[in-house]
Amino acid sequence: MVAIRIKPTEKAETVYVPGKYEALIQGVTQKVSKSGLDMLEIVFKGEFGKNSPKTITGRIIENKIGREQLFNILKACGLEGEEAVEESELEGKYVGIIIAEGEPYNDKPTWNVFNYFTLEDSDDEEDADVTSDDEDDDDDWSDAE
């Protein structure tokens with residue numbers, strides 16, 4: 001008989017640390033929300049707290065708040081004056097994101113990207129707690145979820 005070689009580990013709870021972060025836009029996908037509104041899903045990667053997942057998804061819905069968020073992310077990417085932007089024009093850009101705990105879902109905490117900002121703007125804010133992955137220059141995201 002052969003012994004199992006895989007080491008078991010207990011599933012760890014996904015926990016992000018609320019705050020402001022520098023994040024890389026990994027992917028952008030246009031979708032339709034459950035309510036039938038146009039929506040952008042943007043996957044960000046970065047360091048979002050100790051032992052937190054390396055990615056988080058921001059969703060921008062076609063409503064007043066979503067249009068303001070879209071303006072902020074376009075501004076952060078230097079594209080605020082453009083009338084039409086391709087998904088690929090956002091991918092690979094660094095922006096500032098604000099992560100906060102959302103409404104619980106099935107009695108479990110959720111984490112949301114609440115807004116976006118230009119990284120240069122964060123230098124002007126004294127209370128900005130922007131965390132960067134610059135300390136760890138290896139770009140190995142193989143463990144990204």
Side-chain angles (χ1 to χ4, degrees), residues 6-145:
I6 301 171
K7 303 231 185 268
T9 58
E10 188 174 343
K11 181 173 169 71
E13 186 177 338
T14 299
V15 176
Y16 294 93
V17 176
K20 295 180 177 185
Y21 295 93
E22 178 179 328
L24 174 69
I25 299 175
Q26 183 176 351
V28 179
T29 308
Q30 294 189 62
K31 296 185 172 193
V32 176
S33 70
K34 290 179 183 178
S35 59
L37 298 172
D38 287 332
M39 174 176 73
L40 281 179
E41 273 192 357
I42 305 172
V43 177
F44 298 95
K45 65 181 180 178
E47 296 292 331
F48 306 123
K50 186 176 181 181
N51 298 323
S52 68
K54 302 279 187 209
T55 63
I56 190 167
T57 302
R59 291 172 181 82
I60 298 176
I61 306 281
E62 171 63 49
N63 61 22
K64 182 182 184 307
I65 294 171
R67 287 187 294 273
E68 291 169 355
Q69 290 177 335
L70 182 59
F71 176 84
N72 288 341
I73 199 162
L74 290 176
K75 181 179 177 187
C77 292
L79 300 169
E80 70 270 17
E82 301 294 323
E83 289 189 27
V85 175
E86 298 284 327
E87 296 167 355
S88 61
E89 291 180 78
L90 298 176
E91 294 172 356
K93 305 252 184 181
Y94 282 91
V95 298
I97 65 173
I98 299 173
I99 297 175
E101 190 168 354
E103 294 294 318
Y105 181 75
N106 288 339
D107 295 329
K108 298 210 184 249
T110 62
W111 300 91
N112 299 317
V113 179
F114 276 92
N115 213 338
Y116 312 92
F117 60 93
T118 304
L119 292 173
E120 290 80 34
D121 291 348
S122 69
D123 295 339
D124 299 336
E125 300 175 22
E126 291 178 17
D127 62 341
D129 182 25
V130 178
T131 303
S132 170
D133 61 350
D134 290 342
E135 313 152 358
D136 185 15
D137 282 344
D138 71 346
D139 201 19
D140 179 19
W141 295 94
S142 59
D143 59 344
E145 294 181 8

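Residues L119 and E22 meet the side-chain proximity criterion, which asks for heavy atoms closer than 4.5 Å. E62 is not listed as a side-chain neighbour of M39, based on a closest heavy-atom distance of 4.5 Å or more. Between I60 and Y116 the shortest side-chain heavy-atom distance falls below 4.5 Å. You'll find the side chain of V113 stays beyond 4.5 Å of the side chain of I42, heavy atoms only.
The aromatic rings of Y16 and F48 lie tilted to each other, with the angle between the two planes from 30° to 60°.
Summarising the geometry of P18 relative to A100, their closest heavy-atom pair is CB-CA, 4.3 Å, with the distance given to 0.1 Å. Taking all atoms of both residues into account, the shortest heavy-atom contact from V15 to P53 is O-CD, 4.2 Å. Residues E80 and F71 come closest through the heavy atom pair CB-CE1, 4.0 Å. Shortest non-hydrogen contact noted between L90 and C77 is CD2-SG, 3.8 Å. Closest heavy-atom contact between P109 and E101: CB-OE2, 3.4 Å. Listed here is the closest heavy atom pair of I97 and A23: CD1-CB, 3.9 Å.
A donor-acceptor pair under 3.5 Å is absent between the side-chain atoms of N106 and the main chain of K108, judged by distance alone. With T57 contributing its side chain and V43 its backbone, the two residues share no donor-acceptor pair below 3.5 Å. A donor-acceptor pair under 3.5 Å links the side-chain atoms of E91 to the main chain of V28, judged by distance alone. At distances below 3.5 Å, at least one donor-acceptor pair connects side-chain atoms of Q69 with backbone N or O atoms of F114.
In summary, of the residues considered (I25, I99, T55), a side-chain contact (heavy atoms from CB on, under 4.5 Å) with F44 occurs for I25 alone.
Distance CD/E68 to CD1/I73: 14.5 Å, rounded to 0.5 Å. The structure places CD of E86 at 11.5 Å from CG of L79, a figure rounded to the nearest 0.5 Å.
Atom CD1 of I65 has 12 or fewer heavy atoms from other residues, nucleotides or ligands within 6.0 Å.
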